[in-house]
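Structure first, then comments.
Count residues from 1 along the sequence.
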Amino acid sequence: EDPVQLKEEGNKYFQANDYERAAQSYTQAMKLNKDKALQAVLYRNRAACFLKKEEYAKAASDASRAIDINSSDIKALYRRSQALEKLGKLDQAFKDAQKCATIEPRNKNFQETLRRLGANIQEKLRIQFSTDLRVQKMFEILLDENSDKEKREKAANNLIILGREEAGAERIFQNNGVSLLLQLIETKNPELVLAAVRTLSEMCTGHKARATAILHYLGIDNICMWMSVDNEEISLAVCSLLQAITDCLLGQGKEEHHGKEEAVVLDTKKDLRMITMRLLDMLVSKKVSGQGRDRALNLLNKNIPRKDLKDHDNSRTVFVVDNGLKKILKVVGQIPELPECLPLTENTQLSASVLLNKLYDDLRCDPERDNYRVICEEYIKSKVDPQDMDKTLHAIQMVSGVLQGPFDLGNKLLGMKGVMEMMVALCGSEREIDQLVAVEALIHASTKLSRATFIISNGVALLKEIYKKTKNEKIKIRALVGLCKLGSAGGTDYGLRQFAEGSTEKLAKQCRKWLCNASIDVRTRRWAVEGMSYLTLDADVKDDFVEDEPALQAMFELAKTSDKTILYSVASVLVNCTNSYDTKELVPELVQLAKFSKQHVPEEHPKDKKDFVVKRVKRLLKAGVVSALACMVKADSAILTDQSKELIARVFLALCEDPKDRGTIVAEGGGKALIPLALEGTEVGKIKASHALAKIAAISNPDMAFPGERVYEVVRPLVSLLNTERDGLQNYEALLGLTNFSGRSDKLRKIVKEKALPDIENYMFENHDQLRQAATECMCNLVVNKEVQERFVADGNDRLKLVVLLCGEDDEKVQVAAAGALAMLTAAQKKLCSKMTEVTTQWLEILQRLCLHDNMEVQHRGLVIAFNLINADKDLAKKLVETELLEILTYIGKQEDPKKQHIINVAHDCLTRCMDYGLIKPLSQ
């Protein structure tokens, strides 16, 4: 507890280049010290540590504290000068260096520092002056209506690039640039508006103070107004600007705090709340375009819910629920076919449903969720009016929207008095709009089997009636999907056929027509995909579908849209077509019992047999299914659910079944797409994706399949398959993949060693021949790594004994791998040569069998092991010469077979080494 002693301790650490511990010692001393002079020394010493650690802001701060105590502390002044120079504050660094030179005018180091800083300041001023001129010139060109179009475009692009650089952004800001950029926006020229907004966005990125100043200067109302325009590019650019500002306010920017600036804390809560309120207002404003509404929803989706549930602060979500939930519900309750509908895009209502779901999931306790439910119930009740059917329609549409978001809540809303009955009643209405909304709501409601049972008994007849009689394609397709969904509620195609009255092919053909009809809006075609996801449970339908190239391409094109339902439906269709769903094994006795009691017994359709499935997989690959799947994987997490990920992983696994197809899958981005699927999602999905990765890794060049750093991400999914809970094929193919990886580089070998070595060793004990062989081959590649070799050298383990005994196995492939591992181990570690003779009494017999093996690869490796033993130690060589091994070596050395020349050469090397030791003599002597 003596500060002087702690200071001395810190000095010792500093001299030993242990700057972290030195800084800790000085910090501890500061807490105990009461002497001002010593405190100054401690601060300047810790500043030196921070300089060495390149933490320049902290170094400048500590040096300043030392100077506050002693203004002529030359060491502290010089250290602050060094830190400030590194922070780019050249003028302040120059002043400190000048004080140092005044105190010690003959110090050459100070004089040199002054010269360097002076030159740097001059250069900085020159660049700054040049930048100021460039900024001024750019604005002159942009604001001059008579300027050449090409010049204006060039100036606009240069301005954006300049705003991307910190120095350029600061010069624009300091030279009245924000005001001039506002003038560009007010010209309403789309190109100039885009350039100005993008420049502002770059200026805000990573700089909280500048972002806050720009927000207040432009005004949130103006920013929201610009985002509301019906121009996708401008709306998106303004959205990026507001996101950059929000990131800074949330503390997610890249800004580094320097010295005392760290103490300046801006209160951002007020600004964030103001932005949130304006975005919520945008949702229900008729002046806002569909694009603008989408941008507002996207910003709310991205910034309101917590990114990490470990963070206990969900105040932003609670604020939005209390102040904006009704506004979001109003958006999901919109009916595009009614005249007073707000401007929407095809994705607006789905984005609103996603936001509802994210907000609900972000609530922390039951009272918060109850409050959410009560707000929804009261708002929906307020819209139900028997005298105003349009108003009631909005209420049903809201329930439908909630069912696409927080489903459990939607299910509770369905339980409200009269809601389900109202849906069924609206199906029987004469008005097409009533039928449209009601059928769609029934489809979403029937996801729960209990609700489906109610609809089956009350609404199926109505749906059939609507499908047969309506001429409105939008209603017809929804009625079809409703029937398909209810029919497949049991998970098989039997119920589906019952509802379709045996005409599933006819219904599917109609769905394919809708799918290929580009004149139909995306929202309606989405229902066609969902219909196919149920109809392709029928083997005849799936076989016809994969042969319909236009329908496949139309579906793949739809998969690129940001729509959760479409992604799930497309994935479901592909799972059905590849038969990659789980099937229950039928117990023969139970089948006989069911037949006896005259119950329906599901039988395998001829087109669900392996040959037909393989043909469908080949057809899908030819149509470009891998590219479509890779595109789907890139979707936002709010769109690509864990369930969709699992379905995609199932499809990939089915596609990877034939080794000949794996090259195509890699070439079209399948390897890259599988990595996130193997790391995130449901447990089943991760296993399926990992297995697909193992199949690719087993036979592909890792550098081609997983280029760059990506290859290291694949190791973890492969290792996850080395588990007793996984089946033998998954274990085997994971081991093959790890073997392939271990042969590529020492870095990969090290990663495999750290993550999987104990598991690989366990599989070397397996009774299953193929698993034992694969594990031994993997170990053969791993023993090249020195750390793995050291594990074999270490005392108290049977690793070497296991490898020696595996060399004596009857399985040739195991022998090849084990002999290869033993050859490399004995070549790299001489200690293992003598250890090999001690681990088992059978070592000599095994070695002799290897040297006489019919398989030339095994024989060569056996002779290499013999040479390693002879070369390692004269006494060991003598022991070998006294055995039959000498006769074996002599016999092989006398052979004259060109095919075996590499083997004969090793035998010669063994005999030559024995002659060098003087253990044997040449024949001539």
Side-chain angles (χ1 to χ4, degrees), residues 746 749 776 779-795 797-808 815-853 855-897 900-925:
D746 203 56
R749 277 190 284 276
T776 309
M779 185 59 75
C780 181
N781 283 349
L782 285 174
V783 294
V784 178
N785 181 268
K786 284 188 178 180
E787 292 177 28
V788 176
Q789 293 167 13
E790 285 165 8
R791 284 181 175 238
F792 279 85
V793 173
D795 295 327
N797 70 78
D798 291 330
R799 290 188 177 91
L800 186 63
K801 180 180 179 179
L802 175 62
V803 174
V804 174
L805 291 174
L806 287 172
C807 288
Q815 276 188 309
V816 169
L822 193 55
M824 283 188 278
L825 284 167
T826 50
Q829 299 285 343
K830 288 189 177 182
K831 287 181 183 178
L832 293 176
C833 294
S834 56
K835 189 175 180 180
M836 176 183 161
T837 64
E838 299 164 3
V839 291
T840 174
T841 55
Q842 300 172 44
W843 72 272
L844 184 59
E845 182 191 338
I846 290 169
L847 181 59
Q848 289 171 349
R849 281 177 61 195
L850 291 176
C851 292
L852 289 170
H853 208 285
N855 184 317
M856 286 195 291
E857 196 173 0
V858 176
Q859 187 181 22
H860 180 256
R861 293 178 182 201
L863 287 164
V864 170
I865 296 166
F867 174 78
N868 293 339
L869 297 182
I870 292 167
N871 190 51
D873 182 69
K874 184 178 178 180
D875 291 338
L876 190 52
K878 186 180 179 183
K879 188 188 288 187
L880 289 171
V881 166
E882 290 170 353
T883 68
E884 292 176 2
L885 188 66
L886 179 60
E887 291 177 33
I888 294 169
L889 293 172
T890 306
Y891 167 72
I892 296 169
K894 287 180 180 179
Q895 291 180 355
E896 294 181 359
D897 185 346
K900 287 189 171 184
Q901 194 57 50
H902 62 297
I903 295 170
I904 296 165
N905 289 343
V906 180
H908 285 165
D909 291 340
C910 291
L911 294 167
T912 303
R913 195 76 185 99
C914 289
M915 283 189 283
D916 292 342
Y917 286 139
L919 298 173
I920 60 172
K921 294 179 181 179
L923 284 172
S924 59
Q925 295 179 359

Just verifying a value: how many Å separate [X] [atom1] and [Y] [atom2], rounded to the nearest 0.5 Å?
X: Leu863; Y: Ile888; atom1: CG; atom2: CD1; result: 9.0 Å
X: Asp909; Y: Ile870; atom1: CG; atom2: CD1; result: 10.0 Å
X: Asn871; Y: Tyr917; atom1: CG; atom2: OH; result: 5.5 Å
X: Ile903; Y: His853; atom1: CD1; atom2: NE2; result: 11.5 Å
X: Leu919; Y: Glu882; atom1: CG; atom2: CD; result: 8.5 Å
X: Arg799; Y: Leu802; atom1: CZ; atom2: CG; result: 10.0 Å

To check you understand the geometry: which heavy-atom pair defines the closest contact between [X] and [Y], and what is its length?
X: Cys807; Y: Ile846; result: CB-CG2, 3.7 Å
X: Ala818; Y: Val803; result: O-CG1, 3.5 Å
X: Leu880; Y: Thr883; result: O-OG1, 2.6 Å
X: Ile904; Y: Gly893; result: CG2-O, 3.9 Å
X: Leu889; Y: Cys910; result: CD1-CB, 3.8 Å
X: Ile892; Y: Cys851; result: CD1-O, 3.4 Å

For this session: Mind running side-chain contact (heavy atoms from CB on, under 4.5 Å) on Leu847 and Val804 for me, showing each step along the way?
Result: CA-CA 9 Å; Leu847 181 59; Val804 174; over 6 Å; no
Problem set entry | Contact check, side chains of Thr912 and Met915, non-hydrogen atoms, under 4.5 Å | yes
Exercise. What pairs with His860 under ring pair (Phe, Tyr, Trp, His ring centres under 6.0 Å), at least two apart in sequence or on another chain?
Worked result: His902
For this session: May I ask you to check whether Asn905 and Gln901 show a side-chain donor-acceptor distance below 3.5 Å?
Result: yes
Just distance, no hydrogens or angles: give the donor-acceptor pairs under 3.5 Å from side chains in residues 823-838, sequence neighbours left out.
residue	atom	partner	partner atom	Å
Thr826	OG1	Leu822	O	2.7
Thr826	OG1	Ala823	O	3.2
Thr826	OG1	Asn868	ND2	2.9
Gln829	NE2	Gln789	OE1	3.2
Ser834	OG	Lys831	O	3.1
Lys835	NZ	Phe792	O	2.9
Lys835	NZ	Val793	O	3.4
Lys835	NZ	Ala794	O	3.0
Thr837	OG1	Ser834	O	2.6

Exercise. Is Asp746 salt-bridged to Arg749, going by a charged N under 4.0 Å from an acidic O?
Worked result: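 Counted as a salt bridge, because a side-chain N and a carboxylate O are separated by less than 4.0 Å.
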For this session: May I ask you to decide whether Glu857 forms a salt bridge with Arg861, counting only side-chain N to carboxylate O separations under 4.0 Å?
Result: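 Counted as a salt bridge, because a side-chain N and a carboxylate O are separated by less than 4.0 Å.
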For this session: Inspect the surroundings of CD in Gln895 and state if more than 12 heavy atoms from other residues, nucleotides or ligands are less than 6.0 Å away.
Result: yes
Exercise. Between the main-chain N or O of Val788 and the side-chain N or O of Asn785, is there a donor-acceptor pair closer than 3.5 Å?
Worked result: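 Checked: pair present.
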Exercise. Any sub-3.5 Å donor-acceptor pair from Asn797's side-chain atoms to Arg791's backbone N or O?
Worked result: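 It does hold such a pair.
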For this session: Output, in order, the C-alpha distance, side-chain angles, deciding distance and verdict of salt bridge (charged side-chain N to carboxylate O under 4.0 Å, His left out) for Lys878 and Asp875.
Result: CA-CA 5 Å; Lys878 186 180 179 183; Asp875 291 338; over 6 Å; no
Exercise. Step by step, would you call Thr840 with Leu805 a side-chain contact (heavy atoms from CB on, under 4.5 Å)?
Worked result: CA-CA 8 Å; Thr840 174; Leu805 291 174; 4.1 Å; yes
